[in-house]
Peer 1: 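Please see the structure below; I have some questions.
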Amino acid sequence: MTVKPSQNRRISTRLLQLKTAPTTPTTSSPWNTRLRELANQSLFTEALSVYREMLSFGASPNAFTFPFALKSCAALSLPFVGSQLHCHVIRSGCDPEPFVLTSLISMYCKCALIDSARKVFDENTQSMKLSVCYNALLSGYVLNLRYCDAFLLFGKMRELGVEINAVTMLGLIPACAGPGYFWLGTFMHCCCVKSGLVVDLSVANCLVTMYMKCGSVDYGRRLFNEIPEKGLITWNAMISGYAQNGLATHVLALYREMKTCGVLPDAVTFVGILSSVAHLGARSVGCEVEQQIAANGFGRNPFLSNALINMYARCGNLKKARAIFDCMPVKSVVSWTAIIGGYGMHGQGEVAVQLFDEMIRSGVRPDSTAFVSVLSACSHAGLSDKGSNYFAALEKKYGLQPGPEHYSCMVDLLGRAGQLNEAWELIKSMRVKPDGAVWGALLGACKIHKNVELAEIAFEKVIDLEPTNIGYYVLLSNLYSEAKNLEGVSRVRVMMRERNLKKDPGCSYVELNGRVHLFLAGDRSHHQTVEIYKMLDELENLFEELGGSNRIDREKRSEEKHSTGMAMHSEKLAIAFGLLNTSPGTEIVVIKNLRICGDCHLFMKMVSKIVDRQFVIRDATRFHHFKNGFCSCKDYW
DNA sequence: ATAGGGTTAG
């Protein structure tokens, strides 16, 4: 705004200044200071109102104003305000200023207007020499997933001899951070070593992250070990990298190491740790993290709240998960997804569905993952109509592409409801290649509804995709034995032997008086075995008297006793044991692998109708360390 | 001015 304010306006401005804030200046520098402070504190909305206020008071923005105003626009993703600012920049004549130029490019990139950014870059001859402008545009290309353009620009920089510095690398390396980009990543690593830029801690951190995102955990760790003076971000990069790769035990070990090195964790560290705590059930660490969060005042961090919701939901404490969720001032899709998934995991599909609808009403747009959590909740709770509607809305209403993960939920949903042919037709209609989970869901449904022919088709496909997943062999073998097809049973056995696959029996745990008791499927070694099986018999009789729908189960169980391929479900043993050893009105904590067995919820629902106990389920999908039947109750949930 | 770490399902 170089237009000189009229005399009248100047007078009125003066008056206003006297009335409201006696210190309100018409020179730009105090405004700039205020604007910079706000922008640096990430108070972008406030920063932009200061900019507007500044204009209304007749102060002229200059090269020290625009970078911060543009940064705020970029952060809030306001392309319209951004291009207005661009006009102001041109009018003020400070567009060739490097500060302003890079801010403009960066703003357009962050608002996804990459072509406008390129235009700014190309129109200024000045920018062709400046490394900073190249860096801004290059990181913008990567941000907008245009990796080819980014590498072309990188090539041009090398060709023209433009300075390549640490920031150039920081922009480019994330383009190699994905499965399949590993070799490109190692090339970038080599470039950094040759140019000596690896000594820059930021660059090294970035490379560690890149390797972890490629799934090359060993390379990441090796580089991590080579960094002489690790910073907090270095530790965080490694910890979250392990967490992303599902290496929960490594996460906890590294956290311990970090503490012995005297590095203080921050909110980001805790996010990585919490997801591992949730998967492992490492209670002592969970409690410690909880205290640390309270002590450090990280309570308001939305990422941390999401991680806490997930942890409590997985560990069976839905009440606490819900309390955190309800307290969040701004709930993102991730927060909703976490709580919906939590209810879904515990068989409370109705609540999950209500929450999903509430999310949409509150104006949060569901993403692909949110649909996965609501669809899986529907399939666990048998809400087939609801699920089908959501599946249709996914594409029609929200323009999302259904992936194999959505199809596997739908196949599970239809399959459980007995619509096996519909499920098969759905698979055939898929535009993306079905993965193991899709065929596995069909196989699981065939097992429930005893359809041997279709099961054989599904089995062939799933084994082709996941040849070492024992669960599928067991499913088919059990189906064969139910159908009294002994030849089939032995055929599957031979396949397993040939592929050197050892069958791990399914297992469940019950927590009782601070001790965790492990039950294997078909286990008869427990000292209360006789009582447990008696209790299960009694329960069956009660079910029959009440509804009589469990006859099939009874038949199945009589076979279980004799056939070698079948075994009494571990969670039934665990539940019976819990009933035997608790008094009415208490809570029984059942820890089991939620991924494999969905019938568990049904059984628990029926049991809780006739006995005065509350069941809490904890997900043990990743309880690897329990495999040998050992666990220490002090350290684990 | 440009940059590095974070949540979600199966």
Side-chain angles (χ1 to χ4, degrees), chain A residues 63 66-68 70-71 74 97-107 109 130-140 142-143 165-174 177 200-210 212-213 231-241 243-244 265-275 278 301-311 313-314 332-342 344-345 366-377 379 403-409 411-412 435-438 440-441 594-596 619 621:
Chain A
F66 290 120
F68 303 103
L70 286 164
K71 189 186 169 184
E97 282 293 331
F99 271 40
V100 180
L101 203 55
T102 49
S103 303
L104 265 174
I105 294 170
S106 164
M107 181 276 294
C109 289
L130 288 170
S131 178
V132 270
C133 290
Y134 276 91
N135 290 346
L137 189 61
L138 195 139
S139 70
V142 175
L143 197 70
N165 56 24
V167 181
T168 321
M169 290 316 200
L170 292 175
L172 204 54
I173 293 167
D200 191 302
L201 188 57
S202 317
V203 174
N205 292 342
C206 196
L207 284 168
V208 170
T209 307
M210 182 270 297
M212 297 311 272
K213 292 215 164 130
L232 174 60
I233 293 176
T234 320
W235 289 96
N236 285 348
M238 202 61 214
I239 287 176
S240 16
Q244 282 158 15
D266 71 347
V268 180
T269 322
F270 289 136
V271 172
I273 291 168
L274 279 178
S275 76
N301 186 311
F303 287 98
L304 206 46
S305 302
N306 293 340
L308 280 168
I309 293 171
N310 176 41
M311 183 194 76
R314 267 185 200 282
S332 72
V333 214
V334 182
S335 326
W336 287 98
T337 305
I339 195 76
I340 291 168
M345 238 180 257
D367 64 357
S368 173
T369 317
F371 272 105
V372 176
S373 71
V374 77
L375 286 175
S376 80
S379 81
E405 62 275 27
H406 301 108
Y407 280 102
S408 62
C409 290
V411 169
D412 190 69
D435 65 357
V438 175
L594 292 173
R595 199 180 285 177
I596 288 175
D619 182 20
T621 304

Peer 1: Can you find a pair of side-chain heavy atoms, one from A:Leu207 and one from A:Ile173, that are under 4.5 Å apart?
Peer 2: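 Side chain of A:Leu207 against side chain of A:Ile173, heavy atoms only: contact under 4.5 Å found.
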
Peer 1: Counting just side-chain N and O atoms, does A:Lys71 come under 4.0 Å of either OP1 or OP2 of B:dA3?
Peer 2: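 Checking A:Lys71 against B:dA3: no side-chain N or O falls below 4.0 Å of OP1 or OP2.
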
Peer 1: Report yes if at least one side-chain N or O of A:Ser139 is closer than 4.0 Å to OP1 or OP2 of B:dT2; otherwise report no.
Peer 2: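 Answer no for this pair, as no side-chain N or O of A:Ser139 is under 4.0 Å from OP1 or OP2.
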
Peer 1: After noting the C-alpha distance and the side-chain angles of A:Asn236 and A:Asp266, does the key distance pass the side-chain contact (heavy atoms from CB on, under 4.5 Å) rule?
Peer 2: CA-CA 9 Å; A:Asn236 285 348; A:Asp266 71 347; 3.2 Å; yes

Peer 1: Of the nucleotides B:dG5, B:dT2, B:dT7, which one has an atom closest to the side chain of A:Ser240?
Peer 2: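 My answer, after comparing the listed nucleotides, is B:dG5.
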
Peer 1: Would one find a side-chain N or O of A:Ser408 under 4.0 angstrom from OP1 or OP2 of B:dG10?
Peer 2: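 It does not, given that no N or O in the side chain of A:Ser408 lies less than 4.0 Å from OP1 or OP2 of B:dG10.
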
Peer 1: Would you say A:His406's side chain and A:Thr369's backbone share a donor-acceptor pair under 3.5 angstrom?
Peer 2: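 Between the backbone of A:Thr369 and the side chain of A:His406 there is no qualifying donor-acceptor contact (under 3.5 Å).
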
Peer 1: Quickly work out the A:Asn135 CG to B:dA3 P distance and round it to whole Å.
Peer 2: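 Distance check: A:Asn135 CG to B:dA3 P gives 9 Å.
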
Peer 1: What is the distance, rounded to the nearest whole Å, between atom CG of A:Leu201 and atom P of B:dG4?
Peer 2: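 Checked: the CG to P distance equals 14 Å.
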
Peer 1: Could you state the CE-P distance from A:Met311 to B:dT7, rounded to the nearest angstrom?
Peer 2: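 That distance rounds to 15 Å.
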
Peer 1: For the pair made of CH2 in A:Trp235 and C1' in B:dG5, what is the distance, rounded to whole Å?
Peer 2: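 Checked: the CH2 to C1' distance equals 14 Å.
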
Peer 1: Is the shortest side-chain N/O distance from A:Gln244 to OP1 or OP2 of B:dG5 below 4.0 Å?
Peer 2: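 It does not, given that no N or O in the side chain of A:Gln244 lies less than 4.0 Å from OP1 or OP2 of B:dG5.
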
Peer 1: Which listed nucleotide (B:dA9, B:dA3, B:dG6) is nearest to the side chain of A:Met345?
Peer 2: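 My answer, after comparing the listed nucleotides, is B:dA9.
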
Peer 1: Rounded to whole Å, how long is the line connecting atom CD1 of A:Ile340 with atom P of B:dT8?
Peer 2: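 It is 14 Å, rounded to the nearest whole Å.
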
Peer 1: Quick one, A:Thr234 and A:Met238 - any side-chain contact, counting heavy atoms below 4.5 Å?
Peer 2: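 No. Closest side-chain heavy atoms not under 4.5 Å.
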
Peer 1: Nearest whole Å is fine: how far is B:dT7 C1' from A:Asn310 CG?
Peer 2: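 Those two atoms, CG and C1', are 8 Å apart.
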
Peer 1: Have a look at A:Pro404 and say if it touches a base, only the backbone sugar-phosphate, or nothing, with a 4.0 Å heavy-atom cut-off.
Peer 2: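 No contact.
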
Peer 1: Report which part of the nucleic acid A:Tyr407 touches: base, sugar-phosphate, or nothing (heavy-atom distance under 4.0 Å, all strands).
Peer 2: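 Since no nucleic acid heavy atom lies under 4.0 Å of A:Tyr407, the category is nothing.
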
Peer 1: Where the side chain of A:Phe303 is concerned, which of B:dG5, B:dA3, B:dG6 is the nearest nucleotide?
Peer 2: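 Out of B:dG5, B:dA3, B:dG6, the nucleotide with an atom closest to A:Phe303's side chain is B:dG6.
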
Peer 1: Name the closest nucleotide to the A:Cys206 side chain, picking from B:dG5, B:dA3, B:dG4.
Peer 2: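 Per side-chain heavy atoms of A:Cys206, the pick is B:dG4.
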
Peer 1: Of the nucleotides B:dG10, B:dG5, B:dT8, which one has an atom closest to the side chain of A:Asn236?
Peer 2: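 Side chain of A:Asn236 sits closest to B:dG5.
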
Peer 1: Measure distances between side-chain N and O atoms of A:Asn306 and base N and O atoms of B:dG6, and say whether any donor-acceptor pair falls under 3.5 Å.
Peer 2: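 Donor-acceptor pair under 3.5 Å: no.
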
Peer 1: Apply ring-ring contact (aromatic ring centres under 6.0 Å, His included) to A:Tyr134 and list each qualifying residue two or more places apart in sequence or on a separate chain.
Peer 2: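 A:Tyr134 satisfies ring-ring contact (aromatic ring centres under 6.0 Å, His included) with A:Phe121 once adjacent residues are dropped.
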
Peer 1: Describe the nucleic acid contact of A:Asn301 in one word from base, sugar-phosphate, nothing, applying a heavy-atom distance below 4.0 Å.
Peer 2: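 Base contact.
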
Peer 1: Tell me if a side-chain donor or acceptor on A:Ser106 pairs with a main-chain N or O of A:Thr102 at a distance below 3.5 Å.
Peer 2: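 No; judged by distance alone, with no hydrogens or angles, the pair does not exist.
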
Peer 1: Rounding to an integer number of Å, can you tell me how far A:Met238 CE sits from B:dG6 P?
Peer 2: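 Distance check: A:Met238 CE to B:dG6 P gives 12 Å.
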
Peer 1: For the side chain of A:Leu170, counting heavy atoms from C-beta on, which of B:dA9, B:dG6, B:dG4 is nearest?
Peer 2: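 In terms of side-chain proximity for A:Leu170, the closest of B:dA9, B:dG6, B:dG4 is B:dG4.
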
Peer 1: With respect to the side chain of A:Val334, which nucleotide from B:dA9, B:dG4, B:dT8 is positioned closest?
Peer 2: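 Of all the options, the side chain of A:Val334 is nearest to B:dT8.
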
Peer 1: Can you check the A:Leu104 CG to B:dT2 C1' distance for me, whole Å?
Peer 2: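 Rounded to the whole Å, the gap is 14 Å.
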
